[in-house]
Amino acid sequence: MSASGLLPSTEDIKTSAAPGLLLHHIDDLQQTSNLQYQTVLPPNIFSPSPDITPASTDLPMELLDKPAGPSTRPPAFSTSVTTTGSAAHHAGAHPPIKTSTGIVEHLEGTDDWSMPAQVLDHPFFVPIGSGSMVQALRELDRRMKESGQYHLITKKPKRTFVGRTVEPGQIGLFDFNGRPIIALDPGRYLNLSLTHSWHGICGVTDQLEFRGLTFAQVGQGECLVVLSPSNQIFCVRNGGFAAFGSEGRFRIVAVVDTLDLGDENAVREPATKEIIGWKKEIRTRIQAGGSGYGVEATVATFFNVPANNVLIVQQGDRLIELPAGQHVITNPNTTFRGFFSLSERQKTFETKPAYTVEGVPVILRVNLRFRIASPILLARHYNDAFMALENPAQSAVNAVVSRLSYQAFMKAKKLEGDIPDQGVVPWLETFKQECMADLTEQASQYGVVIESFNVLDRRLEGDLGKDLERQAEAVLQNQIRATQIDLENHIKLETQRGQLRVAEIEAAKVRTQTDAQFYTRSKETDARAYEKLQIAKATAEASKLQADQDAANTVVLAEAERQRVELLAQAKRREIEQVTAAYAEMQGEHTPAIVMAQLEVDKHRALPPQTVYFAGGSSAAGASSSAAALSTGYATALGATMAVKGNK
């Protein structure tokens with residue numbers, strides 16, 4: 001190995017690798033000598049493993065200076081099919097992460113997802129890159145014809161009505177003296193040759209082994225395990241190949257679903273019985289001698305590591321830590337060591353009897369919480385973390401219990417009656433502190449961190465222990481009964497207090513309701529009285545306003561009537577004056593008599609119907625007295641008439 005401990009030296013390659021693989025190893029060393037990837041360190045890693053150091057670039061000068069030399073591999077048949085070597089296949093594989101150092105790189109003997117150089121250099125091996133199986137078969141046919149072999153693809157013409165039918169996506173198979181002949185193009189093929197025999201059809205994406213011809217193709221999440229003619233195992237993931245073995249054949253050993261290795265291949269942690277990984281071994285039967293019997297041998301091992309778990313493999317005396325993900329091992333120098341979980345674990349168990357100062361055996365039921373900080377350091381000594389902690393935990397318990405009295409482990413002690421101790425530090429606190437310190441120191445030697453160590457229960461063993469247990473139980477029962485009585489009395493007292501409080505609350509509630517009702521009724525009475533008062537005030541105000549208005553109206557009407565009467569009297573006065581003046585101006589002898597007669601008629605008309613009229617006097621009076629009487633009578637009649645009209 002080189003000084004870094006990660007890359008093989010020239011001597012390692014010469015002694016371990018086959019001669020045909022030497023150039024390929026040197027090419028890979030030159031390509032990966034300066035390749036380092038940065039990644040995030042996983043949690044709970046407090047120190048790197050002493051067996052794995054960071055990658056270094058100090059490779060031997062003979063490896064760095066030596067040219068790669070010309071490649072002996074056949075040229076690529078198209079840009080869509082990869083035949084340039086294993087570098088292209090390394091690009092599709094995920095290099096492992098060494099969780100103790102955080103460096104990402106490919107470790108020799110692990111994750112052999114790529115096709116080896118010896119297989120790629122085979123003249124009749126065509127890998128499938130981004131092309132198709134049909135292209136690979138045509139390239140294989142071209143190589144076989146160029147090397148002087150028989151052609152692979154049939155030259156038979158396609159018929160219209162007769163012959164064997166090959167549909168699109170199918171391949172027709174013919175046998176020609178023990179050699180394969182295939183029909184790629186869809187159509188009908190009529191076999192008129194005595195040296196050819198029809199052997200059916202298969203799908204283009206199927207896996208086929210026929211007369212030395214082998215081709216197969218897998219998709220994402222699948223992997224082919226193939227045995228080469230030189231008995232070399234290699235894997236093909238997310239791709240395929242087409243090959244012809246003129247001297248030995250390529251044999252498909254298995255097709256593996258790398259995403260689901262199966263529940264039957266689950267590996268469980270011995271202490272917690274939880275699944276910490278999946279491991280699937282691919283085995284094949286190898287013939288032993290001429291007896292016809294064979295032996296099964298493991299040719300490849302697939303691993304599925306969950307998140308926050310790691311896989312430890314071994315190469316000689318060297319341990320290698322692989323991170324979570326998918327891994328495969330085909331190198332016989334690399335063997336499986338174990339799965340380890342970096343997450344927190346807990347285990348509940350009973351310790352073996354530990355003896356107190358008086359010699360009383362004590363068994364503790366404890367809960368241990370821990371996590372693995374350095375899986376490689378643990379894997380050097382144990383296959384499980386609990387196996388490394390069981391004896392140190394028992395030793396820590398023995399060391400602490402041997403310094404304590406049995407009375408410390410009793411649940412109660414009689415002190416001034418059946419009451420618990422007062423002002424005494426519980427033995428659990430002392431026990432946890434001392435055991436944690438001792439157990440943490442011993443567990444750190446195996447790369448394990450102790451999170452907690454709690455005592456769940458204790459049990460005294462032996463006759464003396466049983467007697468003490470019975471006494472402790474009796475004392476405890478007395479304490480429990482006393483506590484129950486105190487609790488019952490306290491409950492009764494609190495119940496009575498609660499009932500009194502409820503009664504007070506109910507009384508306060510009644511008082512509040514009464515006050516609220518009284519206040520409501522008082523407010524209602526005040527509201528009604530106020531309403532009546534306001535109505536009376538409004539009525540009085542309205543009556544006053546109406547009286548004032550009526551008085552004002554009466555005054556106005558009286559004044560108007562007075563003015564009307566005055567105006568009427570004035571008008572009548574002027575009329576009388578005008579009539580009188582008119583009568584006075586009349587001339588003639590009979591004129592006064594006519595006027596008087598008219599006045600007499602008007603007077604009679606003006607008098608009520610019930611009036612009795614008395615006529616007297618003589619008409620022989622003088623002229624002066626006649627005129628005066630006439631005026632007086634006219635005035636009287638006219639006044640009476642006006643009075644009657646006024647009354648009406």
Side-chain angles (χ1 to χ4, degrees), residues 73-83 115 119-219 222 224-230 236 238-255:
R73 302 170 189 170
F77 64 90
S78 68
T79 58
S80 60
V81 180
T82 303
T83 59
M115 301 179 190
V119 174
L120 293 173
D121 291 338
H122 192 281
F124 302 137
F125 182 87
V126 181
I128 299 176
S130 58
S132 64
M133 179 62 69
V134 174
Q135 292 175 323
L137 291 173
R138 294 187 186 279
E139 172 65 14
L140 179 59
D141 177 68
R142 184 187 64 80
R143 293 185 186 182
M144 292 175 63
K145 290 188 291 186
E146 289 180 355
S147 65
Q149 299 285 340
Y150 289 96
H151 59 85
L152 177 64
I153 301 176
T154 182
K155 298 180 180 179
K156 296 180 181 295
K158 290 184 287 184
R159 307 293 180 175
T160 305
F161 301 104
V162 295
R164 303 286 185 174
T165 301
V166 178
E167 298 179 358
Q170 295 180 343
I171 298 176
L173 304 177
F174 292 92
D175 176 89
F176 172 67
N177 293 332
R179 297 178 60 86
I181 298 295
I182 62 175
L184 289 181
D185 297 329
R188 293 180 179 271
Y189 294 88
L190 180 62
N191 182 21
L192 299 177
S193 174
L194 297 178
T195 58
H196 290 70
S197 60
W198 172 259
H199 279 266
I201 57 176
C202 69
V204 175
T205 58
D206 293 345
Q207 299 151 13
L208 176 69
E209 295 181 20
F210 175 68
R211 301 296 189 267
L213 173 65
T214 304
F215 63 83
Q217 187 175 8
V218 291
E222 297 177 329
L224 289 170
V225 181
V226 186
L227 181 65
S228 69
S230 59
V236 180
N238 193 18
F241 70 94
F244 176 71
S246 58
E247 298 176 358
R249 64 187 178 93
F250 290 87
R251 184 164 65 90
I252 301 173
V253 178
V255 178

Do [X] and [Y] come close enough that some side-chain heavy atom pair is under 4.5 Å?
X	Y	value
M115	P127	yes
T205	M133	no
I171	V204	yes
F215	L140	no

With rounding to the nearest 0.5 angstrom, report the [atom1] to [atom2] distance, [X] to [Y].
X	Y	atom1	atom2	result
F241	F124	CZ	CZ	15.5 Å
R164	I201	CZ	CD1	10.0 Å
C202	E209	SG	CD	12.0 Å
Q135	L184	CD	CG	11.5 Å
Q170	D185	CD	CG	13.5 Å
L227	R249	CG	CZ	8.5 Å

By the side chain to side chain donor-acceptor pair (under 3.5 Å) test, which pairs, at least two apart or in different chains, include something from residues 150-163? K156-N191
Heavy atoms only: give me the nearest [X]-[Y] pair and the separation to one decimal.
X	Y	result
P229	H122	CG-NE2, 4.5 Å
P168	P186	N-CB, 3.7 Å
H196	S193	ND1-OG, 3.1 Å

Side-chain polar contacts of residues 174-183 - donor-acceptor pairs under 3.5 angstrom, sequence neighbours left out - could you list them?
residue: D175; atom: OD1; partner: R211; partner atom: NE; Å: 2.5
residue: D175; atom: OD2; partner: G178; partner atom: N; Å: 3.4
residue: R179; atom: NH2; partner: Q149; partner atom: OE1; Å: 3.4

In terms of the angle between their ring planes, are F125 and F250 parallel, tilted or perpendicular, with boundaries placed at 30° and 60°? tilted
Inspect the surroundings of CD in E146 and state if more than 12 heavy atoms from other residues, nucleotides or ligands are less than 6.0 Å away.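 Enclosed.
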Does R188 CZ have over 12 foreign heavy atoms under 6.0 Å away? yes
Apply side-chain contact (heavy atoms from CB on, under 4.5 Å) to T214 and V226, showing your working. CA-CA 10 Å; T214 304; V226 186; 5.8 Å; no
